[in-house]
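Only one structure is covered here, and it is reproduced in the block below.
Keep in mind it's a predicted model, so treat the numbers as computed, not measured. Just so it is clear, the values below take in all heavy atoms, side chains as well, and ignore hydrogens, waters and symmetry mates.
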Amino acid sequence: MAISKNYTPSEIEDKWYAAWIEAGAFRSVPDHRPAYTITIPPPNVTGILHMGHILNNTIQDVLIRRKRMEGYNACWVPGTDHASIATEAKVVRMLAEQGIRKSDLTREEFLRHSFEWKETYGGIILRQLRKLGASCDWERTHFTMDEEYSRAVIECFCELYRQGLIYRGKRMVNWDPQAQTAVSDEEVIHRETQGFLYHIRYAIEGAPGEYVVIATTRPETLLGDTAVAIHPEDPRYTHLHGRRALVPLAGRSVPIILDAYVDREFGTGCLKVTPAHDMNDAEIGLRHGLEVVDMMTDEGRVSEAGGAYAGLDRFEARKQIVRDLEAQGLLERQEPYTHSVGYSERTNAVIEPRRSLQWFLKMQDLSRPALDAVNSGEVNLIPGRFLSTYRHWLEHVRDWCLSRQLWWGHRIPAYYIAGTGQYVVAPDAASALEAARELTGNPDLQASSLEQDPDVLDTWASSWLWPVQVFQGITRPGNPDFSYYYPTSDLVTAPEILFFWVARMIIAGYHFTGKKPFTNVYLTGIVRDDQRRKMSKQLGNSPDPLDLIAKHGADGVRVGMLLASPAGNDLLYKESLIEQGRNFANKLWNAYRLVGGWQGADREPGELELLAADWMRARLAQAAQELEDLFGKFRIADAVMAVYKLTWDDFCSWFLEMIKPAGGQPLSAATLEAVTSLFEGVLELLHPFMPFVTEEIWQGLREREAGVFLTCGPMRTHGAPDTACLEDMALIQETVTALRALRSEKGLGLKDALPLSVITETPDLFRRYLPVLQKLAGIGGLEFVQSQPARSAGVRVRTSECFLPAGELADAEEERSKLLKEIEYTEGFLRSVLGKLENERFVSSAPAQVVENERRKRADAEAKLDLLRRSLAALG
RNA sequence: GGGAAUUUAGCUCAGUUGGUUCAGAGCAUCUGUCUUACAAACAGAGGGUCACUGGUUCGAAUCCAGUAAUUCCCACCA
């Protein structure tokens, strides 16, 4: 059999993926089996695969594949998100490169461009996921702007509106005066900017000559001031309580209000309040019922409200106002001051906080079930430490601003009735017209009198329905798919979007279906580089996952990522991790080369063959048990390490080395069958982590029927492991290691068979496992002695002592000092144990089992000392 | 400013209800080996005051308090 020496993943990965798809191995339809369901966190439709996706989707695939092999009807639903902000920004940039400005396009034209973009680049990421081996049911692929999905989003909006949970309200938005549009928080870049802090005198009304000094970086906004605020407990200003101040230049009389928001340490401890132009001031304004004076136009010029300054550009106005204040002696001083200023990501214009009318969702009552569900454990967060973060957020939840001033997305289904100031909310234009006619009492109202709100919904207002609507739970409630797959099982996502997405899915799940959307939320870490920096395009520290897959194989990439990714902890990416994964795949491949070359002979199995197979069977059963436990706790990194050690250490280093026939001799046929079967057992446990190489080996290990795949399972069940066998072998393994070390230390080599002399209380064990010692530790005969033979070198294993003849190399003095050291250590140990046992408070207050343990330790130590002293005496 | 965490070997992390499977794993390092499955390997070895200081306890990596450093999220810096 010609099997290449190094595993070459590229030759087999595409082959098996295509074969799996052809066989429908990942297709899921409802049947009698229990369902296990994951809905993918939909990546941006125009996104490309990055390392974060690799980690996240590897974990999902591991979970799905494992359950599939366990006999569940595993369904992994893929799809993409329209990602309104990110995608629109990309399209705007793409158009700009072609010399097209969004503002020159109609909405329809822009959307046409957007859909073209989506058709060209959309779904690339899903094709890339196939390279990773993702076992999604591709026939279930969804997109958040698919026709039916969109209908669901709009229906839900309408329902919430009918339930009185949606309202319109004023809210601060980030206004880009150059693009003349609101931009999202994500599109605002905060930069430290050099400016000035101006100290300005505000006269106290009715007290000539008296004034209060406020500090501001934006003096021009004083035209919109409607209050001056001080801290209620600031002793410097108690005399101002209940008074009024006069806004300079504007001459407006405004109240002096008390608000704990004011930082007494900052500036003068006195704050001008401009509710129309500052986020915090807006909140203060709300608290105190202040008047709102908007002193700025869409273009960022001073509005009519600014009186004499009307028409000036905002920065011109600042200069002019400073000059005028100075002229009037109202500018006490100005000092250079560095502060953070928001700039538009698109135009680099300074962002203007501005009030605008937006749509809101009342969250208080709506989010209650989501809080309860996580508190009660109906929905689990893994790791659990995210619970307090989650709880805190939901307990202080704010109303959700649903509208975004964009075109790419689900347009808000509100229709304004021309000339009435009224509006209706309806799922489509026809029903809107009907509703509008009813509302206005005008049956002749024409469609042309209705104008739909130009804004679209926040992306999360569609993706919060994801686990429900991928099974048409909104549009076709009660359909068989929805009844079978929903609630889904697990969700795997990043903690960054715990609030944005996860919490809202739970909210939507309970509100629209009455049920939770999923049971477990596994939160992964963020992939960073080895200096803990986030991966980013700018830094160029993010490798292309497809290159890595091409270079090291998908299995290597998967294992490499998993090895270093405990739940919720960040993963520090290094290519060496992937190399470790690749090396592991290669190790497995070479085990296959070895076993694949073996022949079976028609004879009885030898003693060693039986010992080895029994032990490996027990070890496999033990590992299977361990893995089941780890999967149950979502300890994926531990699970991959457990199976890594099972394969490399137990199966390859111990088992195959034990059983490997010397000099090309055949094994017994029965043993060859046992080896093949055990190898299959290992492959089953490995398969979810490294699907490609395991499938290739499994298929080559023996003749398979066409269309039968490892990936489809089912995996075998293992009984309870034979623990006695494992314990016995553990002692023998320790002995082998100790003897090898001794030989290496003494320069005894490993080739010549040496007779072994042993002092032990368990001679049968040594007798029984002598073949193992012979094979792996180069032992010849076995002899039991009462004390250390002359000219020998010794090593202690637990309570036994092993000796090899050292001939000329024997060093009695060294043996003696080794023993003395050992005695000294054991005596110290015994003393500490006795210290506890002689302490009455220990004996009386410690649990009985602990005390019993200490007594056993004492007995062991005493026996050991006895043994050591005898050997010392024997040395002379 | 509000909240959540983290600190154990050179690196990344385990360490469940305080008590010999409590000081562990993988990688890296060092020393030997091309021993015919694998040098992407094999056989060995070294390496930690469990951040610091106090406290509780018969007993603390583990519980409590304080200190220091680091990270993340939210809100924001007049």
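Distance from the side chain of A:K574 is smallest to B:C11 among B:C11, B:A37, B:A40. Across B:A45, B:A25, B:G15, the shortest atom-to-atom separation from the side chain of A:A741 is found for B:A45.
Here, B:U67 and B:A75 have their P atoms 28 Å apart, quoted to the whole Å. For B:A23 and B:G15, the C1' atoms lie 9 Å apart once the distance is rounded to whole Å. Between the C1' atoms of B:C22 and B:G48, the separation comes to 13 Å (whole Å). B:G32 and B:C38: their P atoms are spaced 23 Å apart (whole Å). The P atoms of B:A28 and B:A43 are separated by 15 Å, rounded to the nearest whole Å. The gap from the C1' atom of B:C73 to that of B:C27 amounts to 31 Å, rounded to the nearest Å.
A:F584 comes within 4.0 angstrom of nothing in the nucleic acid, heavy atoms only. Counting any heavy atom pair closer than 4.0 Å across all strands shown, A:K857 reaches a base atom. A:T274 comes within 4.0 angstrom of nothing in the nucleic acid, heavy atoms only. No engagement by A:R391 is indicated, since no non-hydrogen atom pair under 4.0 Å with the nucleic acid exists. A:E745 comes within 4.0 angstrom of no nucleic acid atom, judged by non-hydrogen atoms across all strands. Using a 4.0 Å heavy-atom cutoff across all strands shown, A:A215 reaches sugar-phosphate atoms only and no base atom. As judged by a 4.0 angstrom heavy-atom cut-off over every strand, A:D278 is placed among residues touching the sugar-phosphate backbone only. A:R743 comes within 4.0 angstrom of nothing in the nucleic acid, heavy atoms only. Nucleic acid contact for A:L271: base, since at least one base atom lies under 4.0 Å from a heavy atom of the residue.
Side-chain atoms of A:Q580 stay outside donor-acceptor range of the base of B:A28, with no qualifying N/O pair under 3.5 Å.
Toward the 5′ end of RNA chain B lies the nearest nucleotide of A:D638, the other residue of the pair A:K836 and A:D638 mapping further downstream. Comparing A:R582 and A:T389 by the nucleotide of RNA chain B whose heavy atom lies nearest to each, the residue mapping closer to the 5' end is A:T389.
Side-chain atoms of A:H277 and A:P353, non-hydrogen and from C-beta on, never get closer than 4.5 Å to each other. In this structure, A:I230 and A:L271 have side chains that are not in contact, with every pair of non-hydrogen atoms separated by 4.5 Å or more. By the 4.5 Å heavy-atom criterion applied to side chains, A:L837 and A:R858 are counted as neighbours.
Taking the six-membered ring where the residue is Trp, the centroids of A:Y390 and A:W393 are separated by 6.0 Å or more. Between A:F651 and A:F679, a ring centre-to-centre spacing shorter than 6.0 Å is recorded.
Tested against A:Y7 for a ring-ring contact (aromatic ring centres under 6.0 Å, His included), the candidates A:W589, A:F692, A:Y592 yield a single pass: A:W589.
OP1 or OP2 of B:A41 has not a single side-chain nitrogen or oxygen of A:N590 nearer than 4.0 Å. Side-chain N/O atoms of A:N280 include one lying less than 4.0 angstrom from OP1 or OP2 on B:C77. Close to B:G44, at under 4.0 Å from its OP1 or OP2, lies a side-chain N or O of A:R740. Checking the phosphate oxygens (OP1, OP2) of B:A37, a side-chain nitrogen or oxygen of A:K660 falls inside 4.0 Å. For B:A78, the OP1/OP2 oxygens have no side-chain nitrogen or oxygen of A:Y198 closer than 4.0 Å. Contact check, A:W648 against B:C42: a side-chain N or O comes under 4.0 Å of OP1 or OP2. At the phosphate of B:C42, OP1 or OP2 sits under 4.0 Å from a side-chain N or O atom of A:K587. Listed pair A:R841 / B:C58 meets the phosphate criterion, a side-chain N or O lying under 4.0 Å from OP1 or OP2.
Atom P of nucleotide B:A43 and atom CG of A:L656 are separated by 12 Å, given to the nearest angstrom. Whole-Å rounding puts the A:D570 CG to B:U7 P distance at 14 Å. One can place CZ of A:R398 at 10 Å from C1' of B:C76, the figure rounded to the nearest angstrom.
Residues A:E579 and A:S576 bring no donor and acceptor atom of their side chains to less than 3.5 Å of each other.
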